[in-house]
Number of protein chains: 2
Amino acid sequence: MTQTPYTYAPPHPAIATDIVVLALEGSTLGVLLIERGEEPHKGAWALPGGFLRPDETVEACGMRELQEETGIRAEVDLVGVFSDPTRDPRERVVSIAYVACVDHRTTRLRAASDAAAAQWWPATDLPPIAFDHASILAAALAKAADLARHRPLAARLLPESFTLAELQEAQEALTGRRVDKRNFRREVLEAGWVRSTGEMRRGQHRPAEVWRVG
Amino acid sequence: MTQTPYTYAPPHPAIATDIVVLALEGSTLGVLLIERGEEPHKGAWALPGGFLRPDETVEACGMRELQEETGIRAEVDLVGVFSDPTRDPRERVVSIAYVACVDHRTTRLRAASDAAAAQWWPATDLPPIAFDHASILAAALAKAADLARHRPLAARLLPESFTLAELQEAQEALTGRRVDKRNFRREVLEAGWVRSTGEMRRGQHRPAEVWRVG
DNA sequence: AATGTAAGTGTAAACATGACACAAACACCG
DNA sequence: CGGTGTTTGTGTCATGTTTACACTTACATT
């Protein structure tokens, strides 16, 4: 961008973001996908996403798309840049992929106008995927699993307050690794990821302490 | 890119890559910068980079730019996406930043046509930087330090074969952390990052075993 | 009151990390 | 040719971190 003579300007590709929205489906991970109502890949399922607008950063575009699709304002984490020249048969589109973890109970899914449906799919049992979105998805799952080891990403899959058992279940879903209950609690508390609310969650059995991100 | 009606197409920004090329300057890190010969930021120093071409991926663009500037073919690692709408006053440019580690002894620097000079600068003592390239540089240095903890990135700063002392010096320059000689050797060998060549490097003092990435 | 189920807690072994000092090999010099 | 200077190369112990593991508590239900 700096040393190239400014007079040389190849045709500009479109820039879009694709968002891998993760949520808990019971005790496993779910991914938000959108059924395509038009060719190409009509009937296949694609990641939500959209084109970059003139006045926003790419990351803001990702957050806006997330908001438009789910009604949720949340952070997004960069997954990668997908730019194979043939990845979209219509025109060249360079896609920046982000991953977001949300609480699916607070989502309000809105199918966009060219989409037939928006729906959660289990991350381990996916329908036919459009474009190169299967690669994007795989990269996003790996990225999320990696981030979750160093940051309390799992808490974003839950409501504001939660029990440690719920947080552990979310963590296990994200990382794909089962962990010991006592070790998990020690790690979470020592890392200062959560603080107690002082409240107790009453259920069928012994009440559980309620926490929030700290 | 998928649910947005295809009829909506905002003006496409330009897409460019900027490359943070790192090399060893003695025992500290050096960064390749290019002095701008034109406005804006004439006289300031900028990262090498250039526009995406129609037939290449963004990563390939980064590798091509690296090759054009240094004559070296090497891997590049994604640093981030820099897309503030005002980051380039001429027109909107979304930049994908990569970092590359090279052996500066094998580079053949070529200043591009609109650049006054291409030169190595110590990463800790930089000249005035053009555009938002100071942020890009900072992010790249952090990324490289992080990657170097998990992968033999330091070896890319060296020729094909090297002594463990050289590798350690490169590692310390990359991560900014001094490490113990014996611990470093243990870590490198147990991780299988290097294998012996069987040769010895003769110098002023006791000869050193020569290794290569393995 | 008895039963079932999830919450909550401590400790010991294995492993990884960080700190530490000295002998060996060569070049150089007198 | 022996002494000096400088870099290579090596092992162990203390500390911190990670993993593995079992029982009691509290409540709801019957």
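Chain naming here is simple, since letters A, B, ... match the order of the sequence lines and numbering starts at 1 in each.
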Students should find this one: the first and last nucleotides of DNA chain C, 5' to 3', lying under 4.0 Å from a heavy atom of chain A. What are they?
C/dG4 to C/dT11
Single hit among A/V58, A/L52, A/D88, A/V81 for side-chain contact (heavy atoms from CB on, under 4.5 Å) with A/V94
A/V81
So if I apply the side chain to side chain donor-acceptor pair (under 3.5 Å) rule between B/S95 and each of B/T17, B/D18, B/D132, B/D84, which one comes out positive?
B/D18
N or O in side chain of B/R182 less than 4.0 angstrom from D/dG9 OP1/OP2:
no
Got more than 12 heavy atoms from elsewhere within 6.0 Å of CD, B/E160?
no
Please work out if A/E209 contacts a base, only the sugar-phosphate, or nothing of the nucleic acid, heavy-atom cut-off 4.0 Å.
sugar-phosphate
Are the side chain of A/T197 and the backbone N or O of A/V210 linked by a donor-acceptor pair below 3.5 Å?
yes
Would you indicate what B/R201 reaches in the nucleic acid, counting non-hydrogen atoms under 4.0 angstrom: base, sugar-phosphate, or nothing?
nothing
Let me know, please, whether A/R202 or B/T163 comes out on the 5' side of the other along DNA chain D by nearest nucleotide.
B/T163
Roughly how far apart are A/F82 CZ and B/E59 CD, rounded to 0.5 Å?
10.5 Å
Worked check of side-chain contact (heavy atoms from CB on, under 4.5 Å) between A/L22 and A/L141:
CA-CA 9 Å; A/L22 303 178; A/L141 291 172; 3.9 Å; yes
For the base of D/dT8, is there a side-chain donor-acceptor partner from B/R206 under 3.5 Å away?
yes
Determine whether a donor-acceptor pair (N or O, by modelled atom type, separation under 3.5 Å) exists between the side chain of A/T175 and the backbone of A/R177.
yes
Could you provide the dot-bracket string of DNA chain C, using ( ) for intrastrand pairs, [ ] for crossing pairs and | for bases paired to another strand, with Watson-Crick or G-U pairs below 3.5 Å?
||||||||||||||||||||||||||||||
Would you kindly give the CZ-to-P distance between A/F184 and D/dA20, to the nearest whole Å?
16 Å
